[in-house]
Student: 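Below you'll find the structure I mean.
Start at 1 and go down the list; that is how both ligands and their atoms are numbered.
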Amino acid sequence: MPAGLDPWGAGIPEDYARLMQEFGIERFEELLPRIPQPHLLMRRGVIFGHRDFGRVLERMVGGGRYAVMTGLMPSGKMHLGHKMVVDQLIWYQSRGGEIFLCVADMEAFSARGIPYERCREIAFEEYLLNCEALGLDLEGCRVYFQSRSAEVQGLAYSLARRVNFSEVRAIYGFSGETHLSHLYYPMIDVADILHPQLEEFGGPRPTVVPVGVDQDPHLRLARDVAAKFSEEYGFLPPSSTYHRLMRDLFGGKMSSSRPDSALFLTDPPEVWERKIWDALTGGRPTAREQREKGGDPSRCLVYELCLYHFRPEDRELLEMKERCEAGEIICGECKREVMGLVRRFLQELEERRREVRPKVERVLRRIHP
Ligand code: SF4
């Protein structure tokens, strides 16, 4: 496995520029002038790279059909890192993208041993409810569970006949200890990514997969496989965008498996406040020093919360940065301000979850009776 890119790992790639060069990822900022009203993660450089996004952009701007594909693994609670992907889906949905949302229960089973019935419960309470509450219209998406999709499983099996063990080992670093369901799982993932282009799901068309950069191994394999089967199925290589990984409150990769440092959408405000209070900041050792020399927002995880999620107005974010750097505000005051924003967000989200519950139950009954 090349250093820094492990879809099942818990690290943060340290040098995004090196990763881009090593894996041939293109710079996203060059496309920005062509994107009407880019998403805040785009204009703030959080989405920093892409493969073939121009093809999707042409359709988006020109009014043609394109698909957007993503998966959520129901292995724990939904956190802010997951929200970043959902925010992008909402943006694409408002721009005519056909959204495919996969509940990756086979991945949760294969990688974490979570039984399928439990995956269904987690998917509903944590992921689907929050997706709808955040603003994604699930009835306008194709939402499905991997374990219930004969099309995805059948496609995975068909595509697997031209992928050999050496290839997946080179991409994922599998060893002799890797169990067979984990070995086979990448083919399910490839089928998830490519199945929107099957005739029964709309036929070949540009498809974008918005991912954290650690998911690039899946994309590389899917693009190789799409090329091998381009004549048989007419597949276009899937496009992708890459965002920086959301860091947890101590600077690691935000993950459901590290509950003390991740921020979960269904946790009560008091839990968020306690965690934010303990978060790493770019502050100075003493209040006096901070007033004299200013803080460093680039190292601050509270600032990062606002950059990614809680200060959607660029002007307000800039003001926060300037006040910090000038020493006009110290970390305690700043955290209290951010907690106010967070509390409002959580209260509204909880209310929305209550409102959309009957609709999401309907969706779930249809896709996983
Ligand atoms: Fe972070 Fe705010 Fe402290 Fe600046 S003042 S380092 S932005 S918490």
Student: Sequence neighbours excluded, which residues qualify as ring pair (Phe, Tyr, Trp, His ring centres under 6.0 Å) partners of H368?
Tutor: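 Listed in chain order: F145.
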Student: Quick one: does Q290 get a heavy atom under 4.0 Å from ligand 1?
Tutor: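 Q290: in contact with ligand 1 (<4.0 Å).
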Student: Any carboxylate oxygen within less than 4.0 angstrom of a Lys/Arg side-chain nitrogen, looking at E348 and R353?
Tutor: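 Looking at E348 and R353, the cut-off is not met.
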Student: Under 4.5 Å between side-chain heavy atoms, counting indirect links through other Ile/Leu/Val/Met/Phe/Trp/Tyr residues: same cluster for L72 and I90 or not?
Tutor: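 Linked, L72 and I90 end up in one cluster.
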Student: How many protein N, O or S atoms are found at a distance of less than 2.8 Å from atom 2 (Fe) of ligand 1?
Tutor: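 Number of qualifying protein atoms: 1.
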Student: Does any pair with a residue in residues 187-216 pass ring pair (Phe, Tyr, Trp, His ring centres under 6.0 Å), and if so which ones, sequence neighbours excluded?
Tutor: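 Ring pair (Phe, Tyr, Trp, His ring centres under 6.0 Å) check on residues 187-216 returns F100-H195, Y144-H195, H195-F201.
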Student: With rounding to the nearest 0.5 angstrom, report the CE to CD1 distance, M106 to I114.
Tutor: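 Here the interatomic distance stands at 14.5 Å.
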Student: Please enumerate all residues that pass ring pair (Phe, Tyr, Trp, His ring centres under 6.0 Å) together with F48, with sequence neighbours excluded.
Tutor: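 Partners of F48 under the ring pair (Phe, Tyr, Trp, His ring centres under 6.0 Å) test: Y16.
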